[in-house]
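One structure is given here, and the rest of the page talks about it.
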Amino acid sequence: MTVPPDSGFPNDLPPSLSAERRGPVAILTLSRPQKRNALDDATIAGIERFFDRLPDGVSAVVLHGAGEHFCAGLDLGELTRRDAVAGIAHSNAWHRAFERIQFGKAPVIAVLHGAVVGGGLELAAAAHIRVAERSAYYALPEGSRGIFVGGGGAVRLPRLIGVARMTDMMLTGRIYRAEDGLAIGLSQYVVEDGAGLAKGLELAGRIAGNAPLTNFAVMHALPRIAEGDPGAGYLAEALMSAIAQDSDEAKARLQDLLDKRAGKTVPDR
Ligand code: 1HE
């Protein structure tokens with residue numbers, strides 16, 4: 001079983017992926033635990049299709065992995081000899097798939113456990129929020145395997161942890177455990193083993209309750225503003241903010257707060 005028939009998900013996903021719908025939240029599971037969820041070409045193409053054709057009404061996605069590990073990265077069994085042109089095409093296929101995650105229709109929460117290595121870390125980096133169970137660990141074994149990242153890691157990982165830390169991971173094979181990954185920005189949350197999916201679903205539920213325009217602005221405007229020229233960023237921010245606050249939904253939500261119908265901004269006890 002990969003996809004329930006009435007879920008609205010593409011019915012041509014590979015067996016290495018399974019998808020489930022819980023109201024406004026979709027769960028995509030890397031389902032090849034016998035190969036530690038290594039990413040072969042069919043899985044990468046399936047990820048692209050899944051995020052490209054996310055059904056209407058899905059407002060958040062939780063991505064996780066079956067078995068003991070989130071993902072062992074590139075399927076090394078498929079790393080046959082490719083010439084440079086074929087190698088570029090292969091890398092571009094990963095770029096396309098992961099772009100659909102980062103700049104798709106709905107925020108994505110990656111729930112991480114066990115190995116989050118190589119292409120698995122590149123996949124996780126394309127998500128908007130990462131929840132790590134204590135068992136999670138991060139590495140870029142490409143360095144010791146004589147290759148280089150090819151799934152967008154050179155672009156996304158320095159933005160999370162800085163060029164110096166990524167350089168160290170690649171040159172020395174350094175492995176970060178979950179707690180250290182939290183400290184350096186690889187994940188935003190660490191939870192106990194086995195609690196990741198519940199945490200991911202809780203966060204997805206909150207995200208799905210946001211105004212759609214807010215989620216759009218955070219996914220599509222924020223990273224471009226943060227990485228671009230500040231002058232253009234202030235302009236884009238002003239426009240985005242004006243559009244968002246002018247929506248009926250924003251007005252209703254702000255009125256709820258003024259009328260004491262909305263929750264206050266206070267930390268959990
Ligand atoms: C695999 C892969 C894989 C496992 N491709 N088959 N990634 C790596 O360099 C990580 C390589 N994998 C490992 O270090 C370990 O497998 C793990 C630490 C992730 C898990 O260890 P363990 O003891 O639970 O499993 P295992 O016994 O090593 O592997 C179980 C099976 O999964 C075994 O196959 P089997 O047929 O002998 O049972 C392994 O061969 C298979 N397997 N990992 C293919 N990666 C866009 S560029 C990205 C570049 C990269 O990602 S490079 C990093 C690649």
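Please read these numbers as outputs of a predicted model, since none were measured by experiment. The residues of the chain are indexed from 1 along the displayed sequence. Whatever order the structure lists them in is the order used to number ligands and atoms, beginning at 1.
- Comparing heavy-atom distances from atom 41 (C) of ligand 1 across Arg145, Lys35, Glu142 singles out Lys35 as nearest.
- Under 4.0 Å from ligand 1, not a single heavy atom of Leu39 appears.
- Note: an N/O pair closer than 3.5 Å links Leu74 and ligand 1 by distance alone.
- When heavy-atom distances to ligand 1 are checked against a 4.0 Å cut-off, Ala72 comes that close through both its backbone and its side chain.
- Distance from atom 47 (S) of ligand 1 to its nearest protein heavy atom, with residue and atom name: Gly150 N, 3.6 Å.
- Shortest contact from atom 20 (C) of ligand 1 to any protein heavy atom: His69 NE2, 3.6 Å.
- When each atom of ligand 1 is checked for a heavy atom of Pro141 under 4.0 Å away, the hits are 8 (C), 9 (O), 53 (C).
- Distance remark: protein heavy atom present below 4.0 angstrom from atom 22 (P) of ligand 1.
- Between Glu249 and Lys251 no salt bridge is recorded (no basic side-chain N to carboxylate O distance below 4.0 Å).
- Here the straight-line distance linking atom CD of Glu202 with atom CG of Leu197 works out to 12.0 Å at 0.5 Å rounding.
- Salt bridge Glu227/Arg159: present, at least one basic N to carboxylate O contact under 4.0 Å.
- Comment: Asp12 engages Arg49 in a salt bridge, judged by a side-chain N to carboxylate O separation of less than 4.0 angstrom.
- Distances between N or O atoms of Gly120 and those of ligand 1 include no value under 3.5 Å.
- Remark: atom 13 (C) of ligand 1 lies closer than 4.0 Å to no protein heavy atom.
- Remark: Ser59 OG to Ile207 CD1 distance equals 10.0 Å, nearest 0.5 Å.
- To the nearest 0.5 Å, atoms CG (Leu30) and NE2 (His69) are separated by 13.5 Å.
- Leu76 N, 2.9 Å is the protein heavy atom nearest to atom 5 (N) of ligand 1.
- Remark: ligand 1 atoms within the under-4.0 Å shell around heavy atoms of Gly151 are 46 (C).
- Other residues, nucleotides and ligands contribute more than 12 heavy atoms inside 6.0 Å of the CD atom of Glu78.
- Aromatic ring centres of Tyr176 and Tyr137: separated by at least 6.0 Å.
- Residue Gly119 has at least one nitrogen or oxygen atom sitting less than 3.5 Å from a nitrogen or oxygen atom of ligand 1, judged on distance alone.
- Using a cutoff of 4.0 Å between basic side-chain nitrogens and carboxylate oxygens, Arg174 and Asp168 are scored as salt-bridged.
- At least one heavy atom of Gln34 sits closer than 4.0 Å to an atom of ligand 1.
- Salt bridge Lys105/Asp52: absent, no basic N to carboxylate O contact under 4.0 Å.
- Arg224 forms a cation-pi arrangement with Phe103, by the criterion of a distance under 6.0 Å to the ring centre and an angle within 45° of the ring axis.
- Atoms CG and CG, on Leu254 and Leu257 in that order, are 7.5 Å from each other to the nearest 0.5 Å.
- Close contacts between ligand 1 and Trp94 involve ligand atoms 46 (C) [criterion: under 4.0 Å to a heavy atom].
- Contact annotation for atom 45 (N) of ligand 1: protein present (non-hydrogen atoms, distance under 4.0 Å).
- Atoms of ligand 1 lying under 4.0 Å from any heavy atom of Gly73, numbered from 1 in the order shown and given with element: 51 (O).
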Self-check item: salt bridge (charged side-chain N to carboxylate O under 4.0 Å, His left out) between Arg32 and Asp75, worked out
Solution: CA-CA 11 Å; Arg32 206 185 168 212; Asp75 186 331; 2.9 Å; yes

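- Less than 4.0 angstrom separates some heavy atom of Tyr137 from each of these atoms of ligand 1: 18 (C).
- The protein atom (non-hydrogen) at minimum distance from atom 24 (O) of ligand 1 is Arg36 NE, 2.9 Å.
- Shown here, atom 37 (O) of ligand 1 is out of close reach of the protein: none of its heavy atoms lies under 4.0 Å off.
- Per-atom contact check: atom 18 (C) of ligand 1 touches the protein, criterion being a heavy-atom distance below 4.0 Å.
- Judged by the shortest distance from any of its heavy atoms, Glu68 lies outside the 4.0 Å radius around the atoms of ligand 1.
- Here the side chains of Glu192 and Glu133 are not in contact, with every heavy-atom distance at 4.5 Å or above.
- Put simply, part of Glu122 is less than 4.0 Å from ligand 1, judged by heavy atoms.
- If you chain together hydrophobic residues whose side chains sit under 4.5 Å apart, Val111 and Phe51 never meet in one group.
- With a 4.0 Å heavy-atom cut-off, ligand 1 is reached by no atom of Phe70.
- Counting protein heavy atoms under 4.0 angstrom from atom 30 (C) of ligand 1 gives one or more.
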